[in-house]
Amino acid sequence: MLPPANRLKKEKEIKRARAGKMIGGSGLLACRAAANDLPVARFCFIVSKKISPKATARNKIKRRLRAAIAAAMPRIASGFDCVLIARFGLAAKNYQEICDCVNLVLARAGLIKSS
RNA sequence: CAAGCCGGAAAAGCAACCGCUCUUGAAUAAUAAAAUCUUCGGGGGAGGAAAGUCCGAACACCCAGUCCCGAUCCCGAGCGUAAGCGAGGGAGAGGGAUUAAAAGCAAAGGGUAAUUCCCUUUAUCCGCGAGGAAGAGAUGCGAACAGUGACGGCCAAACCGAGAGGCGAGGCAUCCCAAUCCCGAGCGCAAGCGAAGGAAAGGGAGUAUUCCCAUGGCAACAUGGGAGUGAAACGGCUAAAUUCUUGCUCGGGUGCAAGGUUAAACAUCCCGCCCAAGGCGGGGUGAAAAGUAAACCGCUUGAGGCCGCGGAGUAAUUCGCGGUCCAGAUAAAUGGUUGCUCAUUUUCGCUGAAUCCGGCGAAAAGGACAGAAUUCGGCUUAUUGCCGGCUUGGGCU
RNA sequence: GCCUCUGUAGCUUAACGGACAAAGCGCCGGUCUUCGGAACCGGCGAUGGGGGUUCGAUUCCCUCCAGAGGCG
């Protein structure tokens, strides 16, 4: 689970982030982000019933995405809100594949620190 | 060994690293004190179905008609110098009673906060069996098709009513066809024929035209009694979760997104400061923004659960004592990753007489259904392997 | 999350518990026409799945499935 400061909670903020312009994606994952005025990056995760009709499977996808983001947090730039949307097929992947996918998508959206 | 029936408990384990939530203790910072922030430590953290939302309740709010009580408030004849008292009238938070509609009625008895749930007994039905299923107030308007023919025919004292008519003791009959039989008015010298009436093997249509015993009778059958149902009577008894009539019971509705508390920004007015446009700070306003955004409470201690002991009861259940507080999240915590072990599956090898079985070894795969959302009691559905008891069948001794 | 509602031919709607489940549009075939349309005639085609009550179920009851809606 992410620390509370890195969670994106309010519905209005999520809608703002989904309308944002920093867009990245791959076949298994989509990313929408918008800049905020805070010194942290905030995330939320969307897994629809189309991905899997079973609630337990959806919860597992969300937990793995959160773990992948938490692992990548030191390399992530601050100052934006990000929504990660799972696409069909992600349920069949293991943790390492999800990590690779998350890193690829974040790099395409330009959210990785340029050090 | 195979196929079944009933019941029970469980819901893979261990370690390492990295995290989340609730609660609690300490320290530090700030403060009048606290809320709060950070760090460290202790403790708790999904289910038997958390699911479907099919029943039932708790809890919260809202709403009808009639009647009663009613804190409090208003008017007030009159009395009094006055303060005040005050018949009577009106409003009325709230409390109680009742119910028109809607809804309900589940064998008998019991349990429960309550139920279509659970328990005991049981008519009946299903199964070879272990066992399982099972009952919907009363009445009976109406009831397709088939069939010559189907919830009921015919007569009727007494009583009520001006009458039409109502009610109805009691009597007769009891689906249709039917070989044949009984009876025998009458006809005939006789053999015999034989109306009406009665019974009937068997057959027919249909979901459906009660069952048993005793006595009498050549027999058909009659009479009486009984079983189950029913309070009883009675020529009663095929029968439905809808409809109609009727009896009894019962206020209704919405659901924690119920409901409650606090309450901005912006607007506008005043004051102060900054050279000014304008900005900053403080205070106020209400009929508008707004009782809105948002936050908090409800929110987890409850008709509790679990463990132990004892009592009542066939049982469901219940009573007493002691111990234990056993999830409270909110784009939604209770986890993520790695390694090992165990259950399981597949493949290969060895072994023995052994492609099928057992043992040993190796490799690979790899956890059933499924995620609390106000709370609880049931039901139903999904689903993994295990344990105990029992039944039927087969084989061996 | 809480609470409701609806499933009938390809589509839109009917059907007191009673005969082969009705109608319109559509589809197929035919007649007519040089061809097509219109018109006329005929045909195909359905009660979401399973169970119960009943002699008999689209209808009543239970259950599963699918779809839709309301509530800050």
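In what follows, chains are A, B, ... by sequence order, proteins preceding strands, each numbered from 1. Computed over heavy atoms, backbone and side chain alike; hydrogens, waters and symmetry mates excluded.
Distance check: A/Lys62 NZ to A/Leu84 CG gives 12.5 Å after rounding to the nearest 0.5 Å. Atoms CG and CZ, from A/Asn59 and A/Arg64 in turn, are 12.5 Å apart once rounded to the nearest 0.5 Å. The CD1 atom of A/Ile85 lies 11.5 Å from the CG atom of A/Leu65; values are rounded to the nearest 0.5 Å.
Rounded to an integer number of Å, the gap from OH of A/Tyr95 to C1' of B/G335 is 12 Å. Atom CG of A/Leu65 and atom P of B/C20 are 18 Å apart (whole Å). The CZ-P distance, from A/Arg63 to B/A46, rounds to 12 Å in whole Å. The distance between atom CZ of A/Arg64 and atom C1' of B/C18, rounded to the nearest whole Å, is 16 Å. Rounding to whole angstrom units, CG of residue A/Asn6 and P of B/A332 are separated by 13 Å. Across the protein-nucleic acid pair, A/Glu97 atom CD and B/U337 atom P stand 12 Å apart, rounded to whole Å. Between A/Met73 atom CE and B/U337 atom C1' there is a gap of 17 Å when expressed in whole angstrom units.
B/U374 and B/A267: their P atoms are spaced 40 Å apart (whole Å). Of the P atoms belonging to B/C117 and B/C55, the separation is 14 Å, rounded to the nearest Å. If you take atom C1' in B/C141 and the same atom in B/C128, they sit 48 Å apart, rounded to whole Å. Here the separation of B/C309 from B/G394, taken at their P atoms, is 47 Å to the nearest Å. Of the P atoms belonging to B/A50 and B/A11, the separation is 15 Å, rounded to the nearest Å. Atom name C1', nucleotides C/U8 and C/G45: the rounded distance is 13 Å, in whole Å. To the nearest whole angstrom, the two C1' atoms, one in B/U38 and one in B/U28, are 8 Å apart. Nucleotides B/U121 and B/G104, compared at atom P, are 33 Å apart to the nearest Å.
Annotated as anti: B/G92, whose glycosidic dihedral deviates from 0 by more than 90°. Under the 90° criterion around 0 for the glycosidic angle, B/U300 counts as syn. Anti is the glycosidic conformation of B/A195, whose angle departs from 0 by more than 90°. Syn is the conformation of C/C20, whose glycosidic angle sits no further than 90° from 0.
Checking B/A222 for Watson-Crick or G-U wobble geometry (two distances, each under 3.5 Å) identifies B/U215 as its partner. Under the Watson-Crick and G-U wobble criteria, each requiring two contacts below 3.5 Å, nucleotide B/A208 is left unpaired. Both distances falling under 3.5 Å, in either a Watson-Crick or a G-U wobble arrangement, place B/G339 opposite B/C14. Using N1 to N3 plus N6-O4 or O6-N4 for Watson-Crick, or N1-O2 and O6-N3 for G-U wobble, each under 3.5 Å, B/A372 pairs with nothing. In this structure, B/A156 forms no base pair with any nucleotide, since neither Watson-Crick nor G-U wobble geometry is met with both distances under 3.5 Å. Across all strands shown, B/A83 remains unpaired; no Watson-Crick or G-U wobble contact has both distances below 3.5 Å. B/U66 and B/A97 make up a base pair, with Watson-Crick or G-U wobble contacts both under 3.5 Å. Taking a pair to require two hydrogen-bonding distances under 3.5 Å in either a Watson-Crick or a G-U wobble arrangement, B/U317 pairs with B/A312.
A/Phe45 and A/Ile76 fall within the same hydrophobic cluster, defined by Ile, Leu, Val, Met, Phe, Trp and Tyr side-chain heavy atoms under 4.5 Å apart, directly or through other members. Residues A/Met73 and A/Val102 share a hydrophobic cluster, clusters being chains of Ile/Leu/Val/Met/Phe/Trp/Tyr side chains in contact below 4.5 Å.
With a cut-off of 3.5 Å on both pairing distances, the Watson-Crick and G-U wobble pairs of RNA chain C assemble into stems of 3 or more at C:1-7 with C:65-71, C:10-13 with C:22-25, C:27-31 with C:39-43, C:48-52 with C:60-64.
Partners of A/Ala34 by side chain to side chain contact (heavy atoms under 4.5 Å, CB included), not counting sequence neighbours, listed by chain and number: A/Arg16. Qualifying side chain to side chain donor-acceptor pair (under 3.5 Å) partners for A/Arg75, counting only residues two or more places apart in sequence or in other chains: A/Asn103. By the side chain to side chain contact (heavy atoms under 4.5 Å, CB included) test, A/Ala86 pairs with A/Val47, A/Ile61, A/Leu90, sequence neighbours left out. Take A/Arg42 and apply the side chain to side chain donor-acceptor pair (under 3.5 Å) test, not counting sequence neighbours, and it matches A/Asp81. Every side chain to side chain contact (heavy atoms under 4.5 Å, CB included) that A/Ala55 has, sequence neighbours left out, goes to A/Arg58. Take A/Arg87 and apply the side chain to side chain contact (heavy atoms under 4.5 Å, CB included) test, not counting sequence neighbours, and it matches A/Ala30.
In terms of phosphate contacts, A/Lys60 brings a side-chain nitrogen or oxygen within less than 4.0 Å of OP1 or OP2 of B/G336.
Between A/Cys31 and A/Ala109 the shortest heavy-atom distance is SG-CB, 4.2 Å.
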Return the polar atom pairs (N/O with N/O) between nucleotides 367-370 of chain B and the protein under 3.5 Å, or none.
residue : atom : partner : partner atom : Å
B/A370  : OP2  : A/Lys54 : NZ           : 3.3

Are there any protein N/O atoms within less than 3.5 Å of an N/O atom in nucleotides 328-331 of chain B, and if so, which ones and at what distance?
residue : atom : partner : partner atom : Å
B/A331  : O2'  : A/Leu8  : O            : 3.3

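Counting heavy atoms from C-beta outward, A/Val105 and A/Leu28 have side chains that stay 4.5 Å or more apart.
Applying the salt bridge (Lys or Arg N to Asp or Glu O under 4.0 Å) test to pairs two or more places apart or on separate chains, none has a residue in residues 94-104 of chain A.
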